[in-house]
Each structure stands twice: as structure tokens, then as C-alpha cells.
Chemist: 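Input: one structure, supplied below.
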Amino acid sequence: MAAPTDVRVESNSLSSATLRWTYTGAATVSVWRSLTTAVGFTNIALAPGVTTYTDTPLDAGTRYFYKLSD
């Protein structure tokens, strides 16, 4: 089973960030996000074949945690 690789987060502004990754598998990659504690992740639904996700609006000064799974 393939897993997302080369995962990176790019800050676009104080209220926006883009996640990018490489994925060669057939499944849809799920992005999960948590605020401040890295507990209680929420799934962000994506279409199959997507390798970027822009998260907006973000709150300035808030720490966000992300994880990806296929």
C-alpha cells in the first residue's frame, strides 16, 4: 500500500496554508486537521487524485495540526 510522501505545508498568508504531497496509490488521500492540541482530528473530504489542499480561513496565532492517510 502506497502512502503520501513529500508532505509539506506552505503558508500563503496569515489566514491560509496549502498542503502538498506526492501520492502514487489508487485510494483517495484523506486530510485530517486538529486545532491546538493534535487531538480530535476532523476529516476534510477530497476528491480522488488530489495532491494539494488549501486550508482557509485560518485564525492568526492558532496552531493547526494535519495528518494524511490513504
Side-chain angles (χ1 to χ4, degrees):
M1 178 165 63
T5 60
D6 302 320
V7 178
R8 56 207 175 279
V9 178
E10 302 165 355
S11 175
N12 302 323
S13 67
L14 291 176
S15 62
S16 176
T18 298
L19 286 76
R20 300 180 190 278
W21 60 91
T22 302
Y23 181 67
T24 58
T28 299
V29 173
S30 294
V31 173
W32 298 79
R33 180 181 79 174
S34 177
L35 303 175
T36 67
T37 61
V39 175
F41 282 85
T42 301
N43 184 294
I44 300 165
L46 299 177
V50 171
T51 57
T52 63
Y53 170 73
T54 299
D55 196 4
T56 187
L58 302 176
D59 294 327
T62 300
R63 181 180 285 186
Y64 293 84
F65 296 86
Y66 298 93
K67 63 182 180 178
L68 280 71
S69 64
D70 63 346

Chemist: Are side-chain heavy atoms of Trp32 and Asn43 found at a separation under 4.5 Å?
Modeler: yes
Chemist: Thr51: which residues meet the side-chain hydrogen bond (donor to acceptor under 3.5 Å, both in side chains) condition with it, sequence neighbours left out?
Modeler: none
Chemist: Find the distance between OG1 (Thr56) and CG (Asn12) and round it off to the nearest 0.5 Å.
Modeler: 8.5 Å
Chemist: When you measure from the side chain of Tyr64 to the backbone of Asp59, do you find a donor-acceptor pair of N or O atoms at a distance under 3.5 Å?
Modeler: yes
Chemist: Taking the side chain as every heavy atom from C-beta outward, state whether Leu19 and Arg33 have any atom pair closer than 4.5 Å.
Modeler: no
Chemist: Apply side chain to side chain contact (heavy atoms under 4.5 Å, CB included) to Ser13 and list each qualifying residue two or more places apart in sequence or on a separate chain.
Modeler: Ser15, Ser16
Chemist: Quick one: pull up CG in Leu46 and OH in Tyr53 and give me the separation to the nearest 0.5 Å.
Modeler: 7.5 Å
Chemist: Can you tell me how far the CZ atom of Arg8 sits from the OG1 atom of Thr22, to the nearest 0.5 Å?
Modeler: 5.5 Å
Chemist: Are Leu35 and Phe65 co-members of a hydrophobic cluster defined by side-chain heavy atoms under 4.5 Å apart?
Modeler: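 No.
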Chemist: Taking atom CG of Leu68 and atom CD1 of Ile44, what is their separation to the nearest 0.5 Å?
Modeler: 9.0 Å
Chemist: Looking only at heavy atoms, what is the nearest atom pair of Ser34 and Val39, with distance?
Modeler: OG-O, 2.9 Å
Chemist: Answer yes if Leu58 and Leu14 sit in the same cluster of Ile, Leu, Val, Met, Phe, Trp and Tyr residues linked by side chain heavy atoms under 4.5 Å apart, and no otherwise.
Modeler: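 No.
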Chemist: List the atom of Trp21, the atom of Val31, and the distance in Å for their closest heavy-atom pair.
Modeler: CH2-CG2, 3.8 Å
